[in-house]
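Quick note: residue numbers are just sequence positions, from 1. Read the numbers this way: they start at 1 and go in the same order the structure lists the ligands and their atoms.
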Amino acid sequence: MMQTRGYAALNSKTPLAPYSFERRKVGENDVLIEILYSGVCHSDVHQVRDEWGGAMFPMVPGHEIVGRVAQVGGSVTRFKVGDLAGVGVFVDSCRNCGNCKKGIEQYCDGHLVMTYNSVEKDLKTPTYGGYSNQIVTDENYVLKVSPKLPLEKVAPLLCAGITTYSPLRHWKVSKGQQVAVVGLGGLGHMAVKFAVSMGAEVTVLSTSASKKEDALKLGAHHFVQTTDETAFENIQGKFNLILDAVSAPHDVDAYLNLLALDGTLVLVGLPEKPAPIQPFSLVPRRRSLSGSMIGGIRETQEMLDYCAEKNITSDVEVISMKDINSAYERMLKGDVRYRFVIDMKTL
Ligand code: NAP
Ligand code: ZN
Ligand code: ZN
């Protein structure tokens, strides 16, 4: 076993603290990655605080991982020692179901092994995430990372990036389409960059007036402050696609009315409470309400390559490992532009 250092939550009520644990030895198909940067996703907070239920402790969060390959197993063909590498939200899947075979492993009908707060394929051994100095992962679930982009700005692409890229591709966002992004956070700011790069006319719908200037700098064409009572009046029926990346309960129904004929609202945000929906918000314009979860390994690689080609990265604030608990508090207050990333040298 390999002794590993990290930060863990021991239960849902106490702050994260230093924690030592063991990872498996590098197997035939495994890659050992020395972690350089680990992004801080709002899902980390949901899970550490057990807001979705079923949390497993001790929990070492982190699923936006970039680092350098330090060792490879005997059968590994895609990586060699010294390569840059990334790990995202899952580290294995059943590999046999139709969805795995199609390369959309995130929708595995068998057991999807999440990077943390999950168990390995033996259904026993807990998985531990990226708030740690190293990770051992099967090479088939490891991404290639280009040396062209600053690594700390690449880490958030492994979750925030793919989670927004995938639905924009699935719903075929292209030139001339009207796209709205609800919630300008870690996911939202990536959605704006991607949708703009795909040629859409992009509107940010935000509760934070202070983010207007940023939204326009990120490339958005319009900004609507949703706390303004009259905000929705002029944009009824406007959008072909709305990407909802809000982390807290909010009035999803009000946003449905902003969709054009045949428009789709895609939920990527995962608040812990249900949202009431009026049939009248969907029926008269044949609107759809959908959801989307991260992306498969193939599409994640496609997204990373797209980012390297188009010079797209996340806007980040690099923090020390010891500041993780205050970073969570700041993220909950919306005080981050737009992703915290832990510099693992500080562990
Ligand atoms: P984040 O950085 O904290 O951003 C969330 C944004 O939501 C905030 O910046 C804020 O934007 C808005 N918001 C927060 N509280 C709100 C409220 N009470 N009412 C209205 N708007 C509010 O979070 P994130 O990391 O981007 O994650 C967003 C959500 O996506 C989380 O629920 C996370 O678990 C989920 N997620 C899902 C997937 C997936 O596969 N589907 C993957 C990763 C994350 P404004 O200030 O602009 O209003
Ligand atoms: Zn995430
Ligand atoms: Zn499967």
Side-chain angles (χ1 to χ4, degrees), residues 38-49 51-52 61-65 88-90 92-117 121 129-130 155-167 181-192 204-212 214-215 218 220 223-227 243-252 254-255 266-273 275 290-296 314-317 327-340:
S38 197
V40 179
C41 179
H42 205 113
S43 301
D44 299 346
V45 180
H46 288 308
Q47 292 178 90
V48 158
R49 302 195 172 177
E51 290 170 355
W52 295 339
H63 58 208
E64 296 184 334
I65 300 166
V89 179
F90 59 94
D92 212 333
S93 65
C94 87
R95 307 185 190 201
N96 286 316
C97 73
N99 292 341
C100 280
K101 286 191 171 142
K102 275 188 234 156
I104 45 174
E105 306 89 351
Q106 76 273 29
Y107 303 121
C108 176
D109 289 326
H111 175 52
L112 184 67
V113 183
M114 309 308 286
T115 304
Y116 69 89
N117 192 24
K121 285 169 102 163
L157 301 178
L158 275 304
C159 175
I162 185 59
T163 301
T164 49
Y165 179 89
S166 183
V181 175
V182 191
L184 195 62
L187 266 56
H189 92 292
M190 290 311 307
V192 171
V204 168
L205 304 175
S206 170
T207 59
S208 311
S210 61
K211 292 180 184 173
K212 178 172 182 177
D214 282 353
L218 291 166
F223 180 91
V224 174
Q225 193 193 327
T226 52
T227 47
L243 206 68
D244 182 331
V246 174
S247 53
H250 59 290
D251 186 4
V252 173
Y255 294 98
V266 184
L267 296 172
V268 287
L270 289 164
E272 69 281 15
K273 294 214 174 72
S290 191
S292 182
M293 192 170 97
I294 39 176
S314 175
D315 294 10
V316 303
E317 178 177 337
Y328 280 4
E329 292 307 325
R330 284 183 55 198
M331 176 157 62
L332 288 167
K333 279 190 279 184
D335 176 23
V336 50
R337 301 288 187 273
Y338 279 89
R339 198 56 141 189
F340 288 118

Under 4.0 Å from ligand 1, counting heavy atoms only, is it the side chain of Ala245, its backbone, both or neither? backbone
Only heavy atoms count here, so choose which of Asp244, Asp335, Ile294, Val246 is nearest to atom 21 (N) of ligand 1. Val246
Report yes if some N/O of Leu270 lies less than 3.5 Å from some N/O of ligand 1; otherwise report no. yes
Among all protein heavy atoms in this structure, tell me which lies nearest to atom 23 (O) of ligand 1, with the distance rounded to 0.1 Å. His42 CB, 3.1 Å
Indicate yes or no: at least one non-hydrogen side-chain atom of His250 is less than 4.5 angstrom from one of Tyr255. yes
Is any N or O atom of Val268, backbone or side chain, closer than 3.5 Å to an N or O atom of ligand 1? yes
How far is atom 30 (O) of ligand 1 from its nearest protein heavy atom, and which residue and atom name does that atom have? Gly269 CA, 3.3 Å
With a 4.5 Å limit on heavy-atom distance, are the side chains of Ser93 and His111 in contact? no
So is Arg339 in contact with ligand 1, going by heavy-atom distances below 4.0 Å? yes
Whether the side chain of Thr163 engages the backbone of Cys159 through a donor-acceptor N/O pair (distance < 3.5 Å, no angle test) should be reported. yes
Between Glu317 and Tyr338, is there a side-chain donor-acceptor contact under 3.5 Å, judged purely by atom types and distance? no
Side chain Ser166, main chain Gly295, donor-acceptor under 3.5 Å: no
Have a look at His63 and say which of its N, O or S atoms is nearest the Zn ion (ligand 2). NE2
Atom 10 (C) of ligand 1 - nearest protein heavy atom and its distance: Lys211 NZ, 4.1 Å
Using a distance threshold of 2.8 Å, state whether an N, O or S atom of Cys41 lies below it from the Zn ion (ligand 2). yes
Would you say Leu184 and ligand 1 have an N/O pair spaced under 3.5 Å apart? yes
Main chain of His46, side chain of Asp44: is a donor-acceptor contact present, judged purely on distance under 3.5 Å? no
Taking a cutoff of less than 4.0 Å between a non-hydrogen atom of the residue and any ligand atom, is Trp52 in contact with ligand 1? yes
Examine ligand 1 and decide if any of its atoms is less than 4.0 Å from a heavy atom belonging to Gly334. no
For atom 31 (C) of ligand 1, which protein heavy atom lies nearest, and how many Å away is it? His46 NE2, 3.4 Å
Please list the nearest protein heavy atom to atom 5 (C) of ligand 1 with its residue and the distance rounded to 0.1 Å. Ser247 OG, 3.5 Å
Identify the protein heavy atom lying closest to atom 43 (C) of ligand 1, giving its residue, its atom name and the separation to 0.1 Å. Cys159 SG, 3.3 Å
Ser292 near ligand 1, heavy-atom distance under 4.0 Å? yes
Just so I know, are the side chains of Glu64 and Arg339 near enough to count as touching, which here means a heavy-atom distance under 4.5 Å? yes
Between Thr164 (side chain only) and Gly161 (backbone N and O only), is there a donor and an acceptor less than 3.5 Å apart? yes
So, the side chain of His189 versus the backbone of Leu218: is there a donor-acceptor pair under 3.5 Å, distance only? no
Between Thr115 (side chain only) and Gly88 (backbone N and O only), is there a donor and an acceptor less than 3.5 Å apart? yes
Just wondering, do Asn96 and Asp109 contact through their side chains at under 4.5 Å, heavy atoms? no
Can you tell me if Lys211 uses its side chain to pair, donor with acceptor, with the backbone of Ser206 under 3.5 Å? no
The atoms of ligand 1 lying under 4.0 Å from a heavy atom of Ala248, numbered in the order shown, are 15 (N), 16 (C), 17 (C), 18 (N)
Taking 2.8 Å as the cut-off, does an N/O/S atom of His111 lie below it from the Zn ion (ligand 3)? no
Closest to atom 26 (O) of ligand 1 among protein heavy atoms sits Leu187 N, 2.8 Å
Which atoms of ligand 1 are found less than 4.0 Å from any heavy atom of Gly183? 11 (O), 47 (O)
Part of Thr163 within contact of ligand 1 (heavy atoms, under 4.0 Å): side chain
Close-contact set for ligand 1 against Ser206 heavy atoms, below 4.0 Å: 45 (P), 46 (O), 47 (O), 48 (O)
Can you report which non-hydrogen protein atom sits closest to atom 2 (O) of ligand 1, along with the distance? Gly186 N, 2.8 Å
Side-chain donor or acceptor of Trp52 paired with backbone N/O of Leu270 under 3.5 Å: yes
Can a salt bridge be assigned to the pair Asp92 and Lys121 using a cut-off of 4.0 Å between side-chain N and carboxylate O? yes
CZ on Arg330 to CZ on Arg337, rounded to 0.5 Å: 9.5 Å
Angular separation of Cys94 SG and Cys108 SG about the Zn ion (ligand 3), given to 10°: 100°
